[in-house]
Amino acid sequence: MKPKLLIFSILILSLFVIYSASAETRLRCASTTSTLNSGLFDHILPIFEKKTGIKVDVLAVGTGAAIEIGKRGDADAVLVHAKGLELKAVEQGYFVNRHDVMYNDFVIIGPVEEPVKVKAVRSAAEAFRLIAKAGHPFVSRGDGSGTHIKELSVWLEAAVNPKGAAWYLEAGQGMEKTQRIANEKRAYTLTDRGTWLGTKDRGRLDMIIVLEGDPALFNQYGVMSVNPQRHPHVKHKEAVMFTEWLVSKEGQEAIASFKDKNGNRLFIPNAVLK
Amino acid sequence: MDLVLSGFKQAFLLIIRLDRELLRIILLSLKVSAAALFIAAVFGVPLGAVVGLRRFPLRGAAVSLMNTMMGLPPVVVGLFLYILLSRSGPLGFMGLLYTPSAMVIAQSVLAFPIVASLSHSAVMGVDPVIRQAALTLGATPFQAAIAVLNEARYGVMSAVIAAFGRLMAEVGAILIVGGNIAGLTRVMTTTIALESDKGNFELALALGIILLMISLAVNAVLYLLQRSGGMKRGRSWA
């Protein structure tokens with residue numbers, strides 16, 4: 001029995017080795033559903049990979065989850081959109097080397113029939129107040145993502161606490177799914193413009209933008225590296241190369257040149273060029 | 001209705017074209033589930049046999065435990081392994097989180113009780129005369145167990161196939177520990193979840209159909225094996 005057990009063990013261990021063996025350099029970047037699902041990464045990563053030979057694996061989760069993954073050391077870099085949270089995490093020593101990369105904005109979308117007439121108002125907070133007053137369904141991401149954090153700040157500004165209200169639906173899902181739920185429920189929701197443009201053009205959402213252009217809905221994306229002093233195993237050199245490239249002229253041009261199928265520019269680069 | 005029709009049309013076109021990305025996803029699914037099944041079988045079948053043939057204290061409790069573990073919720077397994085494998089967890093130094101290895105581990109944990117429990121049932125179903133005869137003819141307990149397992153081989157095979165079905169269909173655990181990274185840990189079920197989120201129902205549907213076809217093929221092979229086995233046995237009885 002002994003030699004057989006030994007052979008079994010070796011076979012099993014070799015399975016893991018086969019899976020983990022990988023010659024190329026890989027960098028793990030935790031990011032948001034908005035950046036991956038919009039197709040931005042599919043556009044810019046091949047350019048970066050060709051230049052440096054570094055393959056970037058993207059984990060698409062909410063901003064909150066992405067930051068937590070970085071804090072635990074389960075990713076090498078994060079690219080997210082909640083500047084306040086990012087700066088706080090840098091201050092706490094979890095991350096280093098944070099840079100602004102690009103922005104887009106949030107918009108409030110609602111059913112085409114516009115039951116609450118949100119279009120009549122100019123500010124996001126006012127719009128939220130109208131929806132709350134009418135008790136019309138509103139779908140929240142409810143997942144600690146950058147969009148969710150932004151939404152909560154608007155509720156705060158509107159001086160409404162929607163938590164627990166029957167019309168306030170917390171989806172706990174990514175942006176696209178949240179839009180889909182809003183569409184099915186004929187509800188309003190807050191979305192980043194990139195995901196909205198990417199999804200509505202597939203022609204399956206019977207919804208329209210009811211409010212846009214409020215400065216309160218500005219959506220800044222930033223990139224930062226996991227602090228190598230806290231997590232010595234991280235691929236810090238590669239993470240820095242990735243960051244440097246994103247904020248370089250070439251990286252910024254790659255972001256600027258990204259357009260969706262219908263020619264919409266989804267992200268506007270705004271890194272401080274070195 | 002339009003969505004359903006165009007979905008199926010697109011799905012079949014995708015299956016016919018079968019591009020590299022799709023092929024990679026399918027192969028990874030098969031690889032991860034097959035590796036997990038192999039591990040589960042290596043440990044599960046002997047355990048099922050031991051519990052079935054040996055008499056030991058708390059044997060009933062062991063059987064109940066195995067049966068209960070068959071219903072392990074994949075997300076709980078995923079969460080537990082996530083905590084273990086995270087860089088901040090006890091096994092973090094191995095760097096396994098968000099790799100196919102982590103997915104294999106998660107699926108092994110899920111498949112193991114199924115293989116063990118159903119193998120146990122198969123062994124219990126074998127006529128006790130077989131074992132007694134083997135022992136009387138001078139077989140060691142190990143050789144006798146092999147004889148019983150040989151007799152139960154079709155039941156054991158069913159156990160393995162049942163576990164394979166569960167693994168191929170599983171999404172909760174591998175999504176948590178694999179992270180659904182394109183080109184690295186993205187498999188059929190996680191792609192279906194992602195693409196339906198993104199509204200790409202055609203691709204999701206195509207993958208769903210392929211998944212069903214693979215299950216069908218695997219089960220057809222099993223059926224044929226069982227039938228030919230049953231016929232052989234029938235002949236030997238005649």
Side-chain angles (χ1 to χ4, degrees), chain A residues 1 4-5 7-9 11-12 14-22 26 28-30 33 36-39 41-42 45 55-61 65 68-76 173-180 183 195 198-205 226 230-234, chain B residues 2-3 6-7 21 28 31-32 34-43 45-46 82-83 85-89 92-105 108 140-142 145-146 175-186 190 193-202:
Chain A
M1 262 320 259
K4 273 188 189 162
L5 263 178
I7 291 167
F8 280 148
S9 320
L11 267 174
I12 287 157
S14 62
L15 267 175
F16 288 118
V17 175
I18 291 165
Y19 273 114
S20 23
S22 164
R26 303 187 90 112
R28 191 180 294 144
C29 177
T33 47
L36 186 72
N37 291 1
S38 64
F41 278 126
D42 293 337
L45 290 184
K55 169 98 180 63
V56 182
D57 290 325
V58 180
L59 266 171
V61 289
E68 286 308 312
I69 285 170
K71 279 186 182 174
R72 282 196 300 264
D74 291 324
D76 306 308
Q173 311 268 0
M175 194 65 251
E176 304 227 7
K177 201 164 212 171
T178 303
Q179 287 181 3
R180 214 155 281 290
N183 185 49
T195 309
T199 325
K200 72 142 186 173
D201 286 339
R202 287 193 208 105
R204 300 216 173 115
L205 291 185
V226 173
R230 196 176 271 265
H231 292 291
H233 67 268
V234 294
Chain B
D2 188 42
L3 176 65
S6 78
E21 183 63 27
L28 184 66
K31 255 163 65 180
V32 166
L37 196 64
F38 176 75
I39 296 170
V42 162
F43 291 102
V45 174
Y82 188 106
I83 295 168
L85 297 178
S86 165
R87 287 286 184 176
S88 304
F93 64 92
M94 293 167 81
L96 286 176
L97 193 61
Y98 300 132
T99 63
S101 304
M103 297 157 78
V104 172
I105 295 172
S108 308
T140 62
F142 178 67
I146 294 293
L175 188 59
I176 295 177
V177 298
N180 196 20
I181 297 171
L184 182 67
T185 57
R186 187 163 294 175
T190 57
L194 175 73
E195 295 301 332
S196 48
D197 269 11
K198 287 164 71 178
N200 292 337
F201 297 119
E202 294 87 0

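Just so we're on the same page: letters track the sequence lines, and every chain starts at 1. What's counted below: heavy atoms across the whole structure, side chains too, no hydrogens, waters or symmetry copies.
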Query raised in the report: Taking only residues two or more places apart in sequence, or in another chain, which ones meet Asp76(A) in a salt bridge (Lys or Arg N to Asp or Glu O under 4.0 Å)?
Result: none
Query raised in the report: Would you say the side chains of Arg87(B) and His231(A) form a donor-acceptor pair under 3.5 Å?
Result: no
Query raised in the report: Taking only residues two or more places apart in sequence or in another chain, which ones pass salt bridge (Lys or Arg N to Asp or Glu O under 4.0 Å) with Arg186(B)?
Result: none
Report task. Measure distances from Phe201(B) to the heavy atoms of chain A and classify the residue's part below 4.5 Å as side chain, backbone, both or neither. Result -> both
Report summary line: With chain B, the option among Arg72(A), Lys177(A), Lys71(A) that has the most non-hydrogen atom pairs under 4.5 Å is Arg72(A)
Query raised in the report: Of the options Ile39(B), Leu96(B), Val177(B), which is the one that meets Ile105(B) in a side-chain contact (heavy atoms from CB on, under 4.5 Å)?
Result: Leu96(B)
Requested in this report: Answer with side chain, backbone, both or neither: which region of Thr185(B) has an atom nearer than 4.5 Å to a non-hydrogen atom of chain A?
Outcome: neither
Query - Heavy-atom pair count under 4.5 Å with chain B, highest-scoring of Thr33(A), Leu36(A), Val58(A) - result: Val58(A)
